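Below is one structure; the comments refer to it alone.
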Amino acid sequence: MSEVPVTTYATLSYLDSQGFQRTARINRPVFSIGRLRTNDLQINNSYVSRRHAEIIYEDGQFILRDNQSTGGILLNGERVTTHVLQSGDQFQLGDVHPVTFLFETHAISPESDGASRTHEEQRTTDRLTTVIASPRSRFLNTALLDSAENITDFTLNRLKALNDFNRQMLAASSTHALLECLLNAAMETLPAERCFIMMRDPTTGALEVRLSQTREGGTQAQPSLTIALKSFEQNVAISSFDALSDTRFASTSSVIQQSIHSVMCAPIGSPQHVRGVCYVDNLLAETQFSDEELEYFLALTQQAGFVIENLRLIEELRATQERLINSEKLATLGQFASGIAHELKNQLSALTAAEILMSDAEDQRQRQLIQLILNAQQRMVSMVNEIRDFARPEAKAYEKTVQPLVPIVTEALNFARYDPLVKACRATLHADATPYVSLNRDKMMQVLLNLLRNGAQAMQGQPGELTVRVDEVEGSARITVSDTGCGISPENLQRIWEPFFTTKGSEGTGLGLGICRRIIEGHDGDIACHSVLGQGTTFTIHLPLAAVPSA
């Protein structure tokens with residue numbers, strides 16, 4: 001399969017769930033699009049399939065292909081499964097609340113820095129466009145400043161503003177606070193009507209608008225992504241005297257629709273790594289940016305980029321320290337669990353007497369209760385072993401057999417009803433399919449019981465509903481466990497899988513969900529959580545389907 005050539009590239013532009021326009025560059029021979037985070041372009045839309053579509057570059061063509069998605073693909077108003085894309089094509093993923101994409105191809109210079117232009121381009125755009133890299137900024141390279149007697153008040157004011165900005169940046173404790181500082185500095189010291197800060201999404205690779213501001217306030221429009229991408233990809237600052245007359249940008253829809261005139265855009269980052277861009281523009285033709293303002297603007301964004309890199313290094317250092325602390329905790333936990341497992345097995349051995357009662361019991365109800373005790377004995381030993389194994393970094397291999405999933409979920413729910421918290425809830429099971437899965441029965445019971453008890457605890461002290469659903473979707477078995485409890489705050493939702501993180505105080509260990517995820521991953525599946533504070537939480541498990549064993 002051909003590599004995407006360096007002389008041309010393709011992009012996809014679309015609106016995200018918050019209404020912000022994003023643009024992603026197609027940078028792989030097979031470029032996947034879907035809801036899963038493992039896609040090259042992740043779309044956060046529940047009506048988009050997990051692996052909805054892909055764009056394949058082959059023999060100089062970009063080919064759009066549907067991956068047997070639920071909602072399908074509509075291209076230029078017609079449903080397609082495979083189609084050779086042309087620049088300007090629009091296609092939609094899904095037929096309910098669809099996401100619309102604009103496909104475009106762009107020619108670039110063969111020079112590595114992308115800055116070369118033909119003589120004709122240079123004649124038509126030199127008057128309109130200025131492109132500089134960081135060494136050409138007098139505010140970054142003070143050797144380019146004129147002698148002291150020739151420095152203007154404008155230059156002195158900009159140097160003072162840059163010094164003030166540096167002090168404010170050093171006081172910023174987070175990337176968001178730093179970007180707010182940059183936004184305010186740009187609007188306070190530059191004659192701009194609008195300012196946008198766009199950062200690269202590490203998951204999708206697209207430029208996203210993180211912050212924006214206008215002089216007049218009100219509804220925020222969108223910057224020109226063509227200009228922003230050029231600054232981002234080439235790591236240069238760009239100033240256009242009149243974007244509507246600039247042959248590089250005049251055909252861009254955002255430039256035309258918003259009547260954008262003078263524009264500046266500069267990269268946020270270091271010489272080695274660009275994190276995003278800061279974009280300012282004016283819609284009024286009489287307001288323009290000078291070359292010195294462009295140099296000052298680049299100094300602002302590059303200084304912000306250096307501080308962002310430092311903040312990231314500090315965050316990585318903190319994360320490394322936390323991992324080391326957790327590793328020590330896990331090692332201690334593993335030793336402790338090994339001792340507990342030994343003692344627990346000795347104590348639980350007395351429960352094997354229940355097997356004798358089983359042989360003597362004739363009442364069916366008694367036999368069922370005795371079997372529940374024996375099953376619980378096995379799971380208790382298995383759970384302690386799982387805690388011990390959780391301290392080991394290697395992946396856990398489980399003995400698995402192909403079994404129907406619904407009976408296991410039913411058994412877990414029936415057993416969970418003996419828990420007073422679960423018993424107080426209205427617990428229901430909906431089986432919309434009867435999938436077969438290759439699994440370890442005890443481990444899957446452990447996961448389900450943990451999720452059911454977590455859901456019941458979230459509704460403790462109030463009447464609530466605990467709903468379990470089993471179905472099939474896109475070639476996998478799906479289990480959802482939902483509650484109508486207190487929900488999880490967004491900041492805690494990011495940490496629920498971390499070892500030792502718990503919101504239950506002394507009642508929790510912070511290991512349950514981490515062990516659950518490890519078990520599901522040991523079954524080649526995935527588990528995700530969606531929660532709304534004050535409304536409830538849903539855990540979703542996907543497991544690979546297995547063929548129904550022959551009779």
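Residue numbers count from 1 along this sequence. From a predicted model like this one, the values you see are computed outputs, not experimental measurements. Heavy-atom basis, side chains included; hydrogens, waters and symmetry copies ignored.
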Is His530 atom NE2 crowded by more than 12 heavy atoms from other residues, nucleotides or ligands, each under 6.0 Å away? no
side-chain hydrogen bond (donor to acceptor under 3.5 Å, both in side chains) partners for Glu465, two or more places apart: Arg426
Are any non-hydrogen side-chain atoms of Pro98 and Leu74 less than 4.5 angstrom apart? no
Using atom types as modelled and distance alone, determine if a side-chain donor or acceptor of Asn45 lies under 3.5 Å from a backbone N or O of Tyr47. yes
Counting distance only, does the side-chain N/O of Arg200 pair as donor-acceptor with the main-chain N or O of Phe232 below 3.5 Å? no
Do you know the tightest heavy-atom contact between Val437 and Ala477? CG2-CB, 3.8 Å
Any Ile33 side-chain heavy atom under 4.5 Å of Leu12 side chain: yes
Got Arg51 and Glu474 here, is their nearest side-chain heavy-atom distance under 4.5 Å? no
Would Asp89 and His83 satisfy side-chain contact (heavy atoms from CB on, under 4.5 Å), going step by step from the backbone distance to the final call? CA-CA 10 Å; Asp89 278 346; His83 184 83; 3.8 Å; yes
Candidate pair Ile43 and Phe101, rule side-chain contact (heavy atoms from CB on, under 4.5 Å), full reasoning: CA-CA 11 Å; Ile43 302 299; Phe101 296 83; 3.8 Å; yes
Shortest non-hydrogen contact between Asp201 and Thr203, atoms and distance: OD1-N, 2.7 Å
What I'd like to find out is whether the side chain of Leu439 reaches to under 4.5 Å of the side chain of Leu405, using heavy atoms alone. yes
Is there a donor-acceptor pair closer than 3.5 Å between any side-chain N or O of Asp471 and the backbone N or O of Pro435? no
Nearest 0.5 Å please: distance from the OG atom of Ser489 over to the CZ atom of Arg495. 10.5 Å
Go through the structure and list residues passing side-chain hydrogen bond (donor to acceptor under 3.5 Å, both in side chains) with Asn67, not counting sequence neighbours. none
Could you tell me whether the side chain of Gln42 and the main chain of Arg35 form a donor-acceptor pair under 3.5 Å? yes
Quick check: are there more than 12 heavy atoms from other residues, nucleotides or ligands sitting under 6.0 Å from CD of Glu472? yes
Rounded to the nearest 0.5 angstrom, the OH-CD1 distance for Tyr57 and Ile63 is 10.5 Å
With sequence neighbours excluded, tell me which residues meet salt bridge (charged side-chain N to carboxylate O under 4.0 Å, His left out) with Asp40. Arg28
Ala228 and Val277 have their tightest heavy-atom pair at O-CG1, 3.8 Å
Suppose we screen for side-chain hydrogen bond (donor to acceptor under 3.5 Å, both in side chains). Which residues come up paired with Thr23, at least two apart in sequence or across chains? Ser13
Nearest 0.5 Å please: distance from the CG atom of Leu207 over to the CD atom of Glu233. 8.0 Å
Using every non-hydrogen atom in the two residues, find where Ala412 and Leu452 come nearest and quote the distance to one decimal. O-CD1, 3.9 Å
Determine, step by step, whether Ser270 and Glu309 satisfy the side chain to side chain donor-acceptor pair (under 3.5 Å) criterion, reporting the C-alpha distance in whole Å, the side-chain angles of both residues, the deciding distance to 0.1 Å, and the verdict. CA-CA 8 Å; Ser270 64; Glu309 293 299 321; 4.6 Å; no
Between the side chain of Asn39 and the main-chain N/O of Leu36, is any donor-acceptor distance below 3.5 Å? yes
Side chain proximity check, Leu183 to Glu180, heavy atoms < 4.5 angstrom: no
Can you give me the closest heavy-atom contact between Pro267 and Val274, atom names plus distance? CB-CG1, 3.9 Å
May I ask you to decide if Gly72's main-chain N or O and His52's side chain share a donor-acceptor pair within less than 3.5 Å? yes
Flag side-chain contact, heavy atom, 4.5 Å: Gln403 against Met444: no
Is the side chain of Thr81 donor-acceptor paired with the backbone N or O of Asp66 at a distance under 3.5 Å, no angle test? no
Short side-chain to backbone donor-acceptor contact, Asn414 and Thr410, under 3.5 Å: yes
Check Arg25 against Phe31 and note the closest heavy-atom contact, atom names and distance. O-CE1, 3.5 Å
Nearest-0.5 Å distance that lies between atom OG in Ser476 and atom CG in Asp524: 12.5 Å
How long is the span from the CG atom in Leu85 to the OG1 atom in Thr105, to the nearest 0.5 Å? 10.0 Å
Atom pair CD1 (Ile520) and CD1 (Ile515), whose distance is rounded to the nearest 0.5 Å: 12.5 Å
Less than 3.5 Å apart, which donor and acceptor atoms pair up between the side chains of residues 533-547 and the rest of the protein, not counting sequence neighbours?
residue: Thr537; atom: OG1; partner: Ser531; partner atom: OG; Å: 2.8
residue: Thr538; atom: OG1; partner: Ser482; partner atom: OG; Å: 2.9
residue: His542; atom: ND1; partner: Asp526; partner atom: OD1; Å: 3.4

Under the side-chain contact (heavy atoms from CB on, under 4.5 Å) rule, what do Val402 and Val548 come out as? Steps first, then yes or no, please. CA-CA 8 Å; Val402 176; Val548 179; over 6 Å; no
Before giving the answer on side-chain contact (heavy atoms from CB on, under 4.5 Å), spell out for Ser69 and Leu93 the whole-Å C-alpha distance, their side-chain angles and the decisive distance to 0.1 Å. CA-CA 9 Å; Ser69 63; Leu93 299 189; over 6 Å; no
Does any non-hydrogen side-chain atom of Ile308 lie less than 4.5 Å from one of Met199? yes
Sequence neighbours left out, what passes side-chain hydrogen bond (donor to acceptor under 3.5 Å, both in side chains) with His273? Give chain and number order. Arg275
